Amino acid sequence: MLCMHGIMMRHIFICTAEYDANDNPLEETVKPMVDGGTEGFKGHARVIIPGTTPCFECNIWLFPPQVKFPLCTLAETPRTAAHCIEYAHLIKWDEVHPGKPFDADDAEHMQWIYSEALKRAELFGISGVTYSLTQGVVKNIIPAIASTNAIISAACALEAFKLISGCSKNVSNYLTYNGLEGTHIKVTEFVRDKDCLVCGPGTLIELDTSSTLAEFIKMLEEHPKLRISKASVTHEGNNLYMQSPEVLEQMTRPNLSVPMFELLKEAPYATVHATGMAENNGKRVSSLRKLRVAFKGVEASKMDVSESS
């Protein structure tokens, strides 16, 4: 898989692999991904090999948080052109146009925001409000430089060619480019989080086909590597059992007496997530764990294969 995007965009691509009983990725299930992104004169390219290199979730801290302005600052003490624009966008529009949704793609709406932001800026002696900046702030537009896009695209294409042909060793594993002041290119090797909820193997738990959900939850409390108490369990986004709130506990309570094999659609193996309280450095803290469930005696030849969500 090859993708390009702005650095500030939230990643939606997930790279996973299936693992054997020894937590080693099965080669036939590994699907590499080449990713690249740009922001102005900066860019990056990376190779993600599930089970070997970090995935997006492993390095989520790399991505800067979205910029948000306190409403009190916008309403009372604006200090920048962006504050004035967001005041017109988030506060003034609803005051003047109650019940009318703002359309960022409507030129008249955007012109109104620009005019109001300009008035606000003049009132507080702030400069820098332009129509292009107004569009950028309202739409959260990421600046694009053609030369940067070309360089990162070339880096991604080269890595993809290496993966396909095996002609050379892939970058390990994160390349950054900065063309703001001269040209600076650096390769950094980030470490994969073995406990990652996305690309990690999870903890293998073997069950009898007759084991109920209640028995499974009890096993989580007694498992030496988990020790999760009061666990809530989900599978593929569906709530199998929820400890709270009370309405969800009542709705999912009947599942406690149902065999896990039935709840997991009689699959020989599946991935579930459990949330509960676990001990960490002598303290009881909230814990979310990825679990590989395999059923004894069901398609024994595939027993050690896990399915990652």
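Values below: all heavy atoms of this structure, side chains included; hydrogens, waters and symmetry mates excluded. Please read these numbers as outputs of a predicted model, since none were measured by experiment. The first residue of the sequence shown is numbered 1, and numbering continues consecutively from there.
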Which heavy atom in [X] sits nearest to a heavy atom in [Y], and how many Å separate them?
X    : Y    : value
S286 : T275 : OG-CG2, 4.4 Å
T148 : G43  : CG2-N, 4.4 Å
C199 : R192 : O-NH2, 3.4 Å

- Report the C-alpha distance between H44 and Y174 in whole Å, list the side-chain angles of each, state the deciding distance to 0.1 Å, and finish with yes or no for ring-ring contact (aromatic ring centres under 6.0 Å, His included). CA-CA 7 Å; H44 79 259; Y174 193 89; 5.2 Å; yes
- Task: Spell out, as yes or no, whether a donor-acceptor pair under 3.5 Å connects the side chain of S232 to the backbone of Q243.
- Result: yes
- Query: Which value, rounded to the nearest 0.5 Å, describes the distance between D35 atom CG and E159 atom CD?
  - Reply: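 Separation between the atoms: 12.0 Å.
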- Task: Could you tell me the separation between the NE2 atom of H97 and the NZ atom of K92, rounded to the nearest 0.5 Å?
- Result: 10.5 Å
- For T203 and H223, what are the C-alpha separation, side-chain angles and deciding distance, and is it a side-chain contact (heavy atoms from CB on, under 4.5 Å)? CA-CA 10 Å; T203 302; H223 195 288; 3.9 Å; yes
- Flag yes if V187 and L163 sit in one hydrophobic cluster, no otherwise; membership is Ile, Leu, Val, Met, Phe, Trp, Tyr, and two members link when side-chain heavy atoms are under 4.5 Å apart.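 Linked within one cluster.
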- Message: Between L118 and Y87, is there shared hydrophobic-cluster membership here, with clusters defined by ILVMFWY side-chain heavy atoms closer than 4.5 Å?
- Response: no
- Item | Within 6.0 Å of CD in E95, more than 12 heavy atoms from elsewhere |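 Enclosed: over 12 neighbouring heavy atoms sit under 6.0 Å from CD of E95.
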Can you list, pair by pair, the side-chain donor-acceptor contacts under 3.5 Å of residues 250-267, counting residues two or more places apart and other chains?
residue, atom, partner, partner atom, Å
Q250, NE2, E246, OE2, 3.2
T252, OG1, M242, N, 3.1
T252, OG1, L248, O, 2.8
R253, NE, E249, OE1, 3.2
R253, NE, E249, OE2, 3.2
R253, NH2, E249, OE1, 2.5
N255, ND2, L240, O, 2.8
S257, OG, P254, O, 3.3

Mind listing the side-chain donor-acceptor pairs of residues 102-114 below 3.5 Å, one per line with the distance, residues two or more places apart or on another chain?
residue, atom, partner, partner atom, Å
D103, OD1, D105, N, 3.0
D105, OD1, K139, NZ, 3.3
D106, OD1, E108, N, 2.8
D106, OD1, H109, N, 3.3
H109, ND1, D103, N, 3.1

- Query: Can you list the steps and then say if T38 with N149 is a side-chain hydrogen bond (donor to acceptor under 3.5 Å, both in side chains)?
  - Reply: CA-CA 6 Å; T38 65; N149 290 346; 2.7 Å; yes
- Message: I'd like to know if K42 pairs up with E39 as an ion pair, taking the criterion as any Lys NZ or Arg NE/NH1/NH2 lying under 4.0 Å from an Asp or Glu carboxylate oxygen.
- Response: no
- Kindly give the cluster partners of I126, where membership spreads through any ILVMFWY side chain lying under 4.5 Å from a current member.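 Answer for I126: L123, F124.
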